[in-house]
Amino acid sequence: MSKHGTSDRTGSAQSPEDPRAMPPAYDAQATEAKWYTEWMRRGYFVAHADSGKDPFCIVLPPPNITGRLHVGHALNTTLPDIVVRRRRMQGYETLFLPGTDHAGIATQVVVQRELAQQRIDPKDLGREAFVRRVWQWKEQFGGEIVEQIKKMGQSLDWSRLRFTMDEGLARAVRVAFVRMYEDGLIYRGERIINWCPRDTTALSDSEIEHEEVEGELVTFRYDLSDGSGHVDVATTRIETMLGDTGVAVHPDDDRYRALVGKTVRHPLTGKDLPILADEAVDPSFGTGAIKVTPAHDPTDFEIGQRHGLPALNILTPDAHISDAAPEEFRGLDRYEARTRVLERLRELGKIVKIERPYVHSVGHCYRCHTEIEPWLSGEQWFVAVDRLKGPAKQAALDGRIKFFPERWLHPYVQWMDGLRDWNISRQLWWGHRIPVWYCANGHQFAALEDPDACMECGSTDFEQDPDVLDTWFSSQLWPFSTLGWPERTEDLEFFYPTSVLITGYEILYLWVARMIMSGLYLMGDVPFRHVVIHGLVRDPQGRKMSKSLGNVIDPLDVIKTHGADALRFALARQAGGAQDIPLSQEYIEAARRFANKIWNASRLVLSSWGGSGFPELPREERWTLPDRWLLSRHQACLEEADASLEEYRFSEAAQTLYRFFWSELCDWGLEAAKPRLYDGTPEEREAAASVLAWVLERSLRMLHPFMPFVTEETWQRFGAGESVMIAPWPEAHAEHRDGDAEKRFGFTEDVVSEIRRFRKAHGLKDSMALEVRMFPTEEQRGIINAAKQEIERLANLSTLDLLQAPGDPAGCARLVADGAQLLVPLAGVLDPDVERARLSKRISAIEADAARIEAKLANDAFIRRAPIDIVEKERGRLASLKDETAGLSAQLDELG
RNA sequence: GGGCGCGUAGCUCAGUGGGAGAGCGCUUGCUUCACACGCAAGAGGUCGGAGGUUCAAAACCUCCCGCGCCCACCA
């Protein structure tokens, strides 16, 4: 790449050899293809733990390898990249660490589905062959995912790419498991778990999605065994009564006090079931008595435990009626059984009433959406959370971990409070196999390495637990397992705790909360200091993106047509306050146009600026009013963007930059500089170009985290360094803030706009230069003199004459702008009707304004209580409005 | 049952105590030496409703209406 600045390009025509030659339209495709490779080649993404800089680390939430990414991932990777790129420019040693997640159940399901299409039953393949198939799947989609992420421009350190089942992380999982096992935090137990009958595996509480379902609440009758009466109980799952082993009432319930200790007779099995008293029963619900089904309901299981009731499991793993039930129901699936049991009870006259529809909440599998069965599946592995949740809660409460936005703290704390032991065993093949072995002599042991013999007795007759771990068990280690834990690597020492975690609210509990627990337990410190929660990307109608709706957007399609910068900016511009993001074509197109705007603004500035390197401002004495205004606005933009980004308010920062760049820099700053750029003395040209170059170059740096490609491509043309990626984040210049310049330039904007309005109202051609006279106040005279040629150009005036005495308004159209009277000697040629309409409209608008202010000022309480500067401001506004109406009204009178 | 978010221009949304904003769409004019992926001007809003606090409310408080989400062992 050739260096620039060896020749003076000012005013010279662009030639193909000119390295600054820029075509009139920005070419995102070419630029993006070029720069990502180049950044990689130069090693900009690679972190160095020994650089001596302060560390800044974000681990990417690892996408599942279930398939290609969707635009939700574009958001998920872009927001952290924005943060990382800015911190890198601020001089931190940044590590943005990529990886993918094996996503146990989710991936197993998609691979099974694929096999099903080839009519292959995983059981026929066997465990090992099946797992090999999944690894093949991983190789394909893991690779595609990486390519997708690269296309988005994310500055991830690919030399540290990890996968939740790679060798190092498998080791981490083992060490974590064994440590927790030996510490008594992991135990094996038999209790009711959430069972997905379709995936035939247990699920944790967090993997259940509750949904309102219309069912029926059936109240049926249990007759007392001694025939002396009955107890009525209600249920929404009548088939489970096949597994009833008792009836329970509240101990203080007088209605049933006499029945406690007696038995009822099961109408379908003939067995006697005890009536017992337990605090868990809510006497105010239904009949106040409940059927107890220990094998199929968590509450009932606990009641059964307390009272020594047997657990009668009447369901098979795929939710058919098991052999434990009476013969006539065996083999039925749960819904058929529901109907049949109801029929039988009705025949027996045991149905008391049926409430239908009865809306209640039912758990569904978060992967396949099948109704969950609370089920006694046999032994499962659990993480005991009591010792983990306290510290995890405390870390958030005392601010060691901060949530952005802060309102997510409360759901987190509440979730921790209500947390119960975590079921981590899954009856799947794809995942980290539980590192526990059982020997023929009944020993059970956990081991870091696959053993050759039983660690207790040396027996070689042993086998490993067939289950795998919940995929989130490995995910929870992500912030440190990826850095090398359990080894005390340089990376781990340097980058842990990581700085920020940025992710969607949907995995706050599944993932974020657990990383905090495990980080505190295994590392002794929080896994990250800030948690930034963002929303979900939705379709333009606000619907979730899903394959079944067919509204999934592949980020690569967007990038192909609009560019990665456009996608990034569109997302960032809408990513505020953890709100969901309805991603519409319009936003993306607006962002694409913005990239083009950046390109063209750069084109203009670079064609005028002859320097090379970081632009330097001219001496302050040379700054014109538009310069001062622009520098002031630019500084304001930096301050606002910085403040927003420190709090991770991406949309706010993006909007601030967008507005400054387009509405201020381009619409006014560049336009106001043109008189000097095109018609000024060489000194004026250079000064104007330098100010623009200085502001633009810094603006490109500020925009770089959002739009890395277009900013790099344009920034290169300054010849200020290797890459904008590693250029410093702009330093603040508080001294550039200039309220006076902003006020004065605001006046010139008003004058220009007023003249443009006038021209438009009368349909005067843009090409027709107007002559305008004014008799300004001293203050106005100063302002006009400071920006006369700018006003003339912006409003397309032939001359703007400043009179020494009030001019004769006869024959002139009168305009007012911010209290200043402007005379346009054109009255004779203007349509009086149009002029009258124009004047009337302006006058009534002003009068409405004035009336409101007058009412305010007439309010005694306002004068007394409002701050003096507010009152003065209103007085000033009123006075100037009065001035304006006076002139306009006079003219209206003259027109008759 | 508990908690949270949202309701502002036709659409999507920003705006948290002092003159109602942006993008897109719409109307009108303009190929002017960065950009028609553009420039300029304009139309369009009882800021969900009702009370309250305040000199002053789109913003703060209360209630209500509507939409959405999360949590919960409502049998």
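Protein chains get the first letters and strands the later ones, always in sequence-line order, with residue 1 at the start of each.
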Exercise for the section: For B:U12 versus B:G17, give the span between their P atoms, rounded off to a whole number of Å. Expected result: 27 Å

Practice task
Determine the contact category for A:Y509: base if any of its heavy atoms lies under 4.0 Å from a base atom, sugar-phosphate if only primed atoms, P, OP1 or OP2 are that close, otherwise nothing.
Solution key: sugar-phosphate

Problem - Base-pairing mate for B:G51 - Watson-Crick or G-U, with both contacts under 3.5 Å - result: B:C61

Fill in the blank from the handout: Under a 3.5 Å limit on both distances, the Watson-Crick or wobble mate of B:C6 is B:G66

Handout entry: A:R659 vs B:A22: side-chain N/O to OP1/OP2 distance below 4.0 Å
Key = no

Practice task
Find the distance A:I208:CD1 to B:C70:P and express it as a whole number of Å.
Solution key: 14 Å

Handout entry: Distance below 4.0 Å between A:R756 side-chain N/O and B:A41 OP1 or OP2
Key = yes

Exercise for the section: Pick base, sugar-phosphate or nothing for A:T293, based on heavy-atom distances below 4.0 Å to the nucleic acid. Expected result: nothing

Handout entry: Sugar-phosphate only, base, or nothing, as touched by A:R852 at under 4.0 Å among non-hydrogen atoms
Key = sugar-phosphate

Problem - C1' atoms of B:G44 and B:A57, separation to the nearest Å - result: 24 Å

Exercise for the section: For B:G23 and B:G38, measure between their C1' atoms and round to the nearest Å. Expected result: 16 Å

Practice task
Measure from the side chain of A:N596, starting at C-beta and using heavy atoms only, and say which of B:A41, B:C35, B:A75 lies closest.
Solution key: B:C35

Practice task
Tell me which nucleotide among B:G3, B:A72, B:U28 gets nearest to the side chain of A:S361.
Solution key: B:A72

Fill in the blank from the handout: The nucleotide from B:G19, B:C74, B:G42 with an atom nearest the side chain of A:R757 is B:G42

Handout entry: Gap in Å between the two C1' atoms, one belonging to B:C69 and one to B:G15, rounded
Key = 23 Å

Exercise for the section: Pick base, sugar-phosphate or nothing for A:K674, based on heavy-atom distances below 4.0 Å to the nucleic acid. Expected result: base

Exercise for the section: With heavy atoms under 4.0 Å as the rule, sort A:F594 into base, sugar-phosphate or nothing. Expected result: nothing

Exercise for the section: Would you mind telling me which residue lines up with the more 5' stretch of RNA chain B, A:P298 or A:K544, judged by nearest nucleotide? Expected result: A:K544

